[in-house]
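Note sheet for the following structure.
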Amino acid sequence: MTESADAQTGKRRRDAAATRQAILDAAVTAFTRFGYDGVGVRDIAQDAGVTAMLINRYFGSKEQLFAEAVDVSFAPRTVIAGTGAELPGETARALVRRTEPGAGELGPFLLMLRSAASPQAARIMREAIGRHAGRHLNEELSGAGADVRAELMLSVQAGVWLMRSVLGTAALTDAPPDELAGRLTALFAVLTTPGEAAAGLASGAPAEPGEVSR
């Protein structure tokens, strides 16, 4: 192969990667704004400046495109923060900060809310939560029921985002940030603590040494 042919091949590969990324970026934006059922492949193709046929060539189907868009959207840690003993407090403060009035949109939550009515989309999102936020929390938590406690923690985060950012309920919107973060820290501390130690935290009793999870 000549040097010119090598250069052309490299350019085609770069162009293909750029085209694929443009489609994926357009898909993340579209699915976040309109949900899985609210947008079609032709709409995404138009936003990306390509044809619907090209999207099918790169991704195979709308469902597969959605799966990749969800994976890209759910991979970063948008709210979960800190590790070990710092996890409850860091996550609580991040949640308050990311849901306060005027804060930027939390794209993964919007994508989830607007796509949840579709059974196919719900299945894809469940799997993505398990690969990303769920997996991270399960790795952090110890003791019995870690998977249940991890999903309860995720449910609290989604609920606070919905009530505070989307609905704008007065109590959560007007609550002093430090007070709200403190209450959420206490709640997350219970959820990250296994067994009888969690019951002690919930009742206000101190946990025995060594009973609190990392």
Side-chain angles (χ1 to χ4, degrees), residues 66-100 106-167 169 171-172 175-214:
F66 180 76
E68 294 205 31
V70 167
D71 209 54
V72 167
S73 185
F74 284 23
R77 295 180 190 173
T78 55
V79 172
I80 298 171
T83 58
E86 297 179 352
L87 177 65
E90 292 293 329
T91 299
R93 287 186 286 274
L95 179 59
V96 171
R97 185 172 61 252
R98 293 300 301 272
T99 59
E100 60 189 12
L106 280 170
F109 287 92
L110 285 172
L111 193 159
M112 182 170 62
L113 177 66
R114 292 167 177 166
S115 301
S118 164
Q120 300 98 315
R123 173 184 56 79
I124 289 168
M125 292 187 294
R126 282 196 303 272
E127 293 170 356
I129 289 170
R131 285 194 303 274
H132 299 298
R135 177 180 177 183
H136 174 65
L137 284 177
N138 271 302
E139 289 174 349
E140 283 292 324
L141 305 186
S142 63
D147 54 343
V148 174
R149 290 183 283 118
E151 292 199 5
L152 281 171
M153 194 167 175
L154 293 175
S155 299
V156 171
Q157 293 171 28
V160 170
W161 168 79
L162 179 64
M163 297 287 282
R164 198 167 189 239
S165 293
V166 179
L167 299 180
T169 57
L172 292 182
D178 289 344
E179 177 187 337
L180 186 57
R183 292 183 181 277
L184 286 168
T185 297
L187 179 56
F188 291 154
V190 172
L191 293 176
T192 56
T193 303
E196 294 181 0
L201 286 175
S203 65
E208 292 297 323
E211 285 188 298
V212 178
S213 64
R214 296 185 300 107

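Values below: all heavy atoms of this structure, side chains included; hydrogens, waters and symmetry mates excluded.
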Could you tell me whether R77 atom CZ has more than 12 heavy atoms of other residues or ligands within 6.0 Å of it? no
How long is the gap from CG on D147 to CG on L141, to the nearest 0.5 Å? 9.5 Å
With a 3.5 Å distance limit and no angle check, can you tell me whether T193 reaches the backbone of A189 through a side-chain donor-acceptor pair? yes
With no hydrogens and no angle check, is any side-chain donor or acceptor of R149 less than 3.5 Å from a backbone partner on A144? yes
Identify whether the distance between the nearest side-chain nitrogen and carboxylate oxygen of E100 and R97 falls below 4.0 Å. no
Do S115 and F66 touch side chain to side chain, with heavy atoms closer than 4.5 Å? yes
Output for pair (T91 OG1, L187 CG), nearest 0.5 Å, gives 11.5 Å
Is it true that a side-chain atom of T169 and a backbone atom of R164 form a donor plus acceptor pair closer than 3.5 Å? no
Quick one: pull up CE in M153 and CG in N138 and give me the separation to the nearest 0.5 Å. 11.5 Å
Side chain to side chain donor-acceptor pair (under 3.5 Å) partners of E151, counting only residues at least two apart: none
Flag, side chain of E140 to backbone of G84, donor-acceptor distance under 3.5 Å: yes
Is it true that a side-chain atom of R98 and a backbone atom of L106 form a donor plus acceptor pair closer than 3.5 Å? no
Separation between CG of L162 and OG of S155, rounded to the nearest 0.5 Å: 12.0 Å
Whether R93 side chain and T185 backbone form a donor-acceptor pair below 3.5 Å: no
Could you measure the distance from the CE atom of M125 to the OG atom of S118? Nearest 0.5 Å is fine. 7.5 Å
To the nearest 0.5 Å, tell me how far L154 CG sits from H136 NE2. 10.0 Å
T99 side chain vs W161 backbone, donor-acceptor pair below 3.5 Å: no
Just wondering, do F188 and Q157 contact through their side chains at under 4.5 Å, heavy atoms? yes
Can you establish whether the number of heavy atoms outside R131 located under 6.0 Å from its atom CZ is more than 12? yes
